[in-house]
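Structure record follows, encoded as C-alpha cells.
We use all heavy atoms of the structure for the numbers below, so side chains are in, but hydrogens, waters and symmetry mates are not. Just so it is clear: chains get the letters A, B, ... in the order the sequence lines come, proteins before strands, and each one is counted from 1.
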There are 2 protein chains.
Amino acid sequence: MDVETQKTSRRPRADSIRNRERLLEAAREVFSAGGPGASLEAVARKAGVGIGTLYRHFPTREAIFQAVYRREVDEMVELADRLATEPDPADALKRWMHASVRMVATKRGMLAALSPVMDGSTEFFADTSKRLMSAISGLLDRGVAAGRLRDDITADELMRAFLGICYIPEKPGWQDTVVRLLDVFVDGLATDRDVRKSG
Amino acid sequence: MDVETQKTSRRPRADSIRNRERLLEAAREVFSAGGPGASLEAVARKAGVGIGTLYRHFPTREAIFQAVYRREVDEMVELADRLATEPDPADALKRWMHASVRMVATKRGMLAALSPVMDGSTEFFADTSKRLMSAISGLLDRGVAAGRLRDDITADELMRAFLGICYIPEKPGWQDTVVRLLDVFVDGLATDRDVRKSG
DNA sequence: TGATAAACGGAGGGTGCCTCCGTATATTTC
DNA sequence: GAAATATACGGAGGCACCCTCCGTTTATCA
C-alpha cells in the first residue's frame, strides 16, 4: 500500500505529474471565477490538456473540487504556522482571519457547489476541518498562554463564529464588513483593549 | 400598471394560471430534493407541461428560483404572525426558528444555487430579507416589551446569528445541533432563565 | 535502441439549456 | 351557439456540457 514499498512498479511519468499540476492550477482559477457552474471542460481547456486527461486524474467532479479545496486549506494552515512567530497573538489572529476571508471569498462558490455532493465526503471534511481547527487553536492557545486572549472560548467556537460571520449574503463592500466584524470579535476576545488600534 | 385598472385587456387564461401554479409546486419539490443541480426540464416534466411553458412563465432560471424562494419567505412570515399569540415570547421565538431551520435545510441547495447568480437580484434579496427582518423583529420586540427578552440585541444581529448558526457543514445529526445551539442562544437572550426547560 | 506499460486526446452518445414557431384553445364578440 | 382572435401550449432544434471508451502517443526500463 505504501508508496515507498512499491519499488517493483515504474515511477510515475513526468507528463502525468505535470498535467495534474496544471489541472489543479487551472481548476483553482476557473472555480474562483465561475463558481459552481464552472465547466470541467473549461478547466481542461485552460490547463491545455484533453478532457480525458482531466477525468483520469480526477474521476469525479467531487475529486477535483476536493483536491483544490485541500490545497487552500494547506495554505491556511501554513499561514497560521508562519504567523506563530508574530509578537502580538491578537494581531496574528486578525491577520490570519483577514487572509482566510479572502480565500473564503474566492472559494465561496466552490464550497457551495460542494455541499450538495457531500454525501460521500464526510470523512474528507472531517479531516480538513480538523486541520483547520488545529491551525486556529494554535493561534488561540498561544494568545491564551501569553495572557493576551480570553480563555473561555474554544477553537471550535472560534471557528464557528468565523464561518458564521463570513456567511453574509454578498453586497457591495461585503468583505469589508466581514473584516470589521471579525476584528470586533477578536477585540472582544482580547483581555487587553489596546489591540483595538489595528484594522 | 395595476392589474385592477387593466379592464381593457382580457383576463388571464385559466390554463395559464393553473400551469403557473403547477410549475411552482413542482419546482419546490424538485429543488428541495435535487439541490442546485436540479434540471428545469425535470421541473416541467413533473408539472406535466412542456418546457416552453416553463420558460414563458419564468424566462430565466433566476426567476423561478426567486418565485419559489419568495413563497418560502411568505410562509415564514405567516408563521411568525401566527406565533404572535403565543403566551411565551421566548418559546415563540424558538418555535419559529425550529420551523425556519427545516426550511433552510430543505432549501439550502437552492440558496447556494442562487448566490452566484445574484448580480441582478440585489433588490429582490433586499426586499425578502426586509420582510424576514420584520417578522423576526416582531417576535423579538414583543418579548422585549414583555420584559422577557434582553433589549440589547437588534433584529439584524438576531438574524445574522440565526443564519450563522445554520451555516454548519452538514453531518449526521446536523439539524439537531443547530436546533440546540439556537435554543441556547435564545436562552441567553432571555432575561428569565426558566425558559431553559423547553427543547 | 527497442519493448511496453502508462498516459494522452478527443470522438461520441446522452442530457440539459433556451429559443422559436406552428398548433391548440380560452375568451370575447356577434 | 359559432366565429374571431388573443393567448398559451408543446416540443423540435442548435448548442454546451457530462462522462466513457479506445486508438494513438510517449516516457520509462532493459
Worksheet, complete the sentence: Residues passing the side-chain contact (heavy atoms from CB on, under 4.5 Å) test with A:E21, sequence neighbours excluded, are A:R71
Rounding to a whole Å, what distance do you find between [X]:[atom1] and [N]:[atom2]?
X	N	atom1	atom2	result
B:R61	C:dG16	CZ	P	11 Å
B:R20	D:dA8	CZ	C1'	14 Å
B:R45	D:dG11	CZ	C1'	13 Å
B:L54	D:dG11	CG	C1'	13 Å
A:I17	C:dA7	CD1	P	10 Å
A:R56	C:dA6	CZ	P	13 Å
B:Y55	D:dA8	OH	P	19 Å
B:E41	D:dC15	CD	P	17 Å

Fill in: Phosphate-side-chain proximity, B:N19 and D:dA8, N/O vs OP1/OP2 below 4.0 Å
no
Item to complete: Please state whether the phosphate of D:dA8, meaning OP1 or OP2, lies under 4.0 angstrom from any side-chain nitrogen or oxygen of B:T53.
Response: no
Practice prompt. Tell me which nucleotide among C:dC18, C:dA11, D:dC9 gets nearest to the side chain of B:H57.
Written response: D:dC9
Worksheet entry | Proximity to the side chain of A:S39 - top-ranked nucleotide from D:dC18, D:dC19, C:dC8 | D:dC18
Worksheet entry | Most 5' of A:V49 and B:I51 on DNA chain C, judged by nearest nucleotide | A:V49
Item to complete: Using the test side chain to side chain donor-acceptor pair (under 3.5 Å), find all partners of B:R82 that sit at least two apart in sequence or belong to another chain.
Response: none
Worksheet entry | Sub-4.5 Å side-chain heavy-atom contact between B:R131 and B:R70 | yes
Worksheet item: Can you check whether B:V43 reaches B:F31 side chain to side chain, under 4.5 Å on heavy atoms?
Response: yes
Fill in: Main-chain N/O of A:V77 paired to A:W96 side chain as donor or acceptor, under 3.5 Å
no
Worksheet item: Does any N or O in the side chain of A:R142 come within less than 3.5 Å of the main-chain N or O of A:A84, such that one atom is a donor and the other an acceptor?
Response: yes
Worksheet item: Salt-bridged, A:R28 to A:E72, with N to O below 4.0 Å?
Response: yes
Name the pairs: protein N/O against N/O of nucleotides 26-28 of chain D, kept only if under 3.5 Å.
from	atom 1	to	atom 2	distance (Å)
D:dT26	O2	A:R13	NH1	3.0
D:dA27	O4'	A:R13	NE	3.4
D:dT28	OP1	A:A14	N	3.0
D:dT28	O2	A:R10	NH1	3.4
D:dT28	O2	A:R10	NH2	3.1

